[in-house]
Structures are given as structure tokens and as C-alpha cells.
Amino acid sequence: MGHSIKAFTGAWIEAIGTIVAAVGDTPSDTRPEEATDFLGLWGNVLQATGNGLIADTNEPGSLDQAGNVIQAAGNSIIVGALILPFNEDFEQTLTIKGNLFQAAGGAVSFSGDVKADVNIASIYAFYGDLLQVIGNSMQALAGILDFEVDRHEERLNTTGSWIQAIGAVLSALSATKSLENNGVKEDTDEKNLVNYRSTCKAIQS
């Protein structure tokens with residue numbers, strides 16, 4: 001699998017994961033708690049998988065790679081909090097840390113976006129990472145407030161989760177645009193190669 005296709009696949013897997021998690025974070029009077037936990041678990045599993053795929057396509061040691069690895073670690077922390085038999089307070093603490101890791105990873109990637117050449121893909125990536133940092137930070141704050149005041153934090157967490165989802169979709173659109181641009185470049189290179197070979201044959205004949 002080429003790097004562009006792998007980055008495209010990873011970005012959309014991550015985006016789907018954030019949407020699944022956001023649905024789970026949205027309050028519902030009809031959805032059982034087990035379904036909410038299921039959505040949260042698999043949403044973060046998909047996000048960790050997507051971030052891992054993207055990190056594998058980044059330049060080794062780059063800010064993008066570091067950011068995606070940190071975000072994947074944050075998702076993995078939340079997965080651990082949901083599947084391991086911890087008490088409720090410790091589970092909440094791990095979830096807060098997982099969201100902070102994701103926010104930190106997004107911030108690292110965002111710092112790389114600032115230095116990128118300006119084009120449609122980089123603009124999508126810029127705003128995508130920025131929104132994910134904001135969303136994860138809001139979710140972490142909601143978790144902290146849940147310990148302190150037990151008021152309005154559910155709404156804050158839901159809002160943050162959907163902001164993160166919007167950011168992830170923008171990042172996926174960035175990967176899509178990059179894939180399209182690389183496809184155009186590869187087609188152009190192939191045509192140039194064919195023209196070069198035809199010219200060489202014409203000269204030789």
C-alpha cells in the first residue's frame with residue numbers, strides 16, 4: 001500500500017472513529033449505558049488504528065509522526081480505561097489523561113502544519129488539527145469538572161467530542177486532497193516518461 005493511500009485510509013478510519021465516539025458522547029434517554037461504552041470503546045479503537053496508519057506514512061522523526069503517535073497513545077489510554085476493571089474515578093482520570101494526550105499530539109501536528117506550504121490540503125490539515133486540539137481539550141476539561149462541580153460537563157464533553165470529529169473530517173479531506181494531487185502528479189510523470197521514450201525512439205530511427 002502506497003504512503004498516500006495508507007494516509008488516506010488512516011485519516012478516514014480516524015474520522016469515522018471520532019464520529020462514533022461523538023455519537024457515544026451525545027446524551028440519549030433511550031440508549032443503554034452498555035451501548036454508550038461500546039461506542040466510546042470502538043470509536044477510540046478506530047482512532048488509534050487510524051493514527052497509527054498515518055504515523056507509519058510520516059517522515060521518521062517528524063512533528064507529524066510524533067503528533068500521530070501521541071494521539072494514538074491517548075486513544076489507547078482511553079481504550080484501556082474502558083475495558084480494564086478500574087473503579088469509576090480511576091477510569092475517569094485515565095480518560096482525562098487520554099484526551100490530554102490527544103490534545104498534545106494534535107498540538108504537535110498543528111505546529112508542523114504552520115510550517116507547511118500553503119495549499120488546499122494544508123489548509124484542511126491546519127484547521128483539522130486545530131479543531132481536534134480544541135475538542136480534546138474541552139473533553140479533558142469536562143472530565144476535570146465532573147470531579148469538581150458535576151454541572152454542565154456533559155454538554156461540554158459532547159460539544160468537544162463533535163468539534164474533534166469535525167476536525168478529524170477536515171484532516172481526512174486534507175489526506176484525500178493530497179492523494180488526488182499525488183495521483184495527478186503520478187499521471188503527469190507517467191505521461192512525461194512515455195513522451196520521453198517516444199522521442200528517444202524517434203531520434204534513434
Taking only residues at least two apart or on different chains, which pairs with a member in residues 49-69 satisfy salt bridge (charged side-chain N to carboxylate O under 4.0 Å, His left out)?
Lys6-Asp56
By side-chain contact (heavy atoms from CB on, under 4.5 Å) - contacts of Ile134 (at least two apart):
Leu130, Met138, Ile163
What I'd like to find out is whether the side chain of Leu100 reaches to under 4.5 Å of the side chain of Asn136, using heavy atoms alone.
no
Donor-acceptor pairs are to be reported for all side-chain atoms of residues 166-174 against protein atoms at under 3.5 Å, with residues two or more places apart or in another chain.
residue : atom : partner : partner atom : Å
Ser171  : OG   : Gln132  : NE2          : 3.2
Ser171  : OG   : Gly167  : O            : 3.2
Ser174  : OG   : Ala121  : O            : 2.6

4.5 Å side-chain heavy-atom contact, Asn51 and Gln102:
no
Apply side chain to side chain donor-acceptor pair (under 3.5 Å) to Ser122 and list each qualifying residue two or more places apart in sequence or on a separate chain.
Asn119
Only pairs at least two apart or in different chains count here, so list each salt bridge (charged side-chain N to carboxylate O under 4.0 Å, His left out) that has a residue in residues 83-111.
none
List for me each residue that meets side chain to side chain donor-acceptor pair (under 3.5 Å) alongside Ser137, sequence neighbours excluded, and say none if there are none.
none
Listing request: all ring-ring contact (aromatic ring centres under 6.0 Å, His included) pairs with a residue in residues 63-87, at least two apart in sequence or in separate chains.
Phe86-Phe90
Same apolar cluster (I L V M F W Y, side chains within < 4.5 Å links), Ile78/Ile13
no
Within-4.5 Å side-chain heavy-atom neighbours: Thr176 and Trp12
yes
Return the set of residues passing ring pair (Phe, Tyr, Trp, His ring centres under 6.0 Å) with Phe110 (not counting sequence neighbours), or none when no residue passes.
Phe126
What pairs meet the side-chain hydrogen bond (donor to acceptor under 3.5 Å, both in side chains) rule with one or both residues in residues 36-49, with sequence neighbours excluded?
Arg31-Thr36, Asn44-Asn75, Gln47-Asn75, Gln47-Gln164
Thr93: which residues meet the side chain to side chain donor-acceptor pair (under 3.5 Å) condition with it, sequence neighbours left out?
none
Answer yes if the side chains of Thr18 and Trp162 hold a donor-acceptor pair under 3.5 Å, and no otherwise.
no
Could you tell me whether a side-chain N or O of Ser111 sits under 3.5 Å from a main-chain N or O of Val108, the two making a donor and an acceptor?
yes
Suppose the criterion is salt bridge (charged side-chain N to carboxylate O under 4.0 Å, His left out): which pairs have a residue in residues 163-177, not counting sequence neighbours?
Lys177-Glu180
In a check of side-chain contact (heavy atoms from CB on, under 4.5 Å) between Ile54 and each of Gln65, Gln71, Glu14, which one passes?
Glu14
Side chain to side chain donor-acceptor pair (under 3.5 Å) filter on Asn58, not counting sequence neighbours, yields Asn68
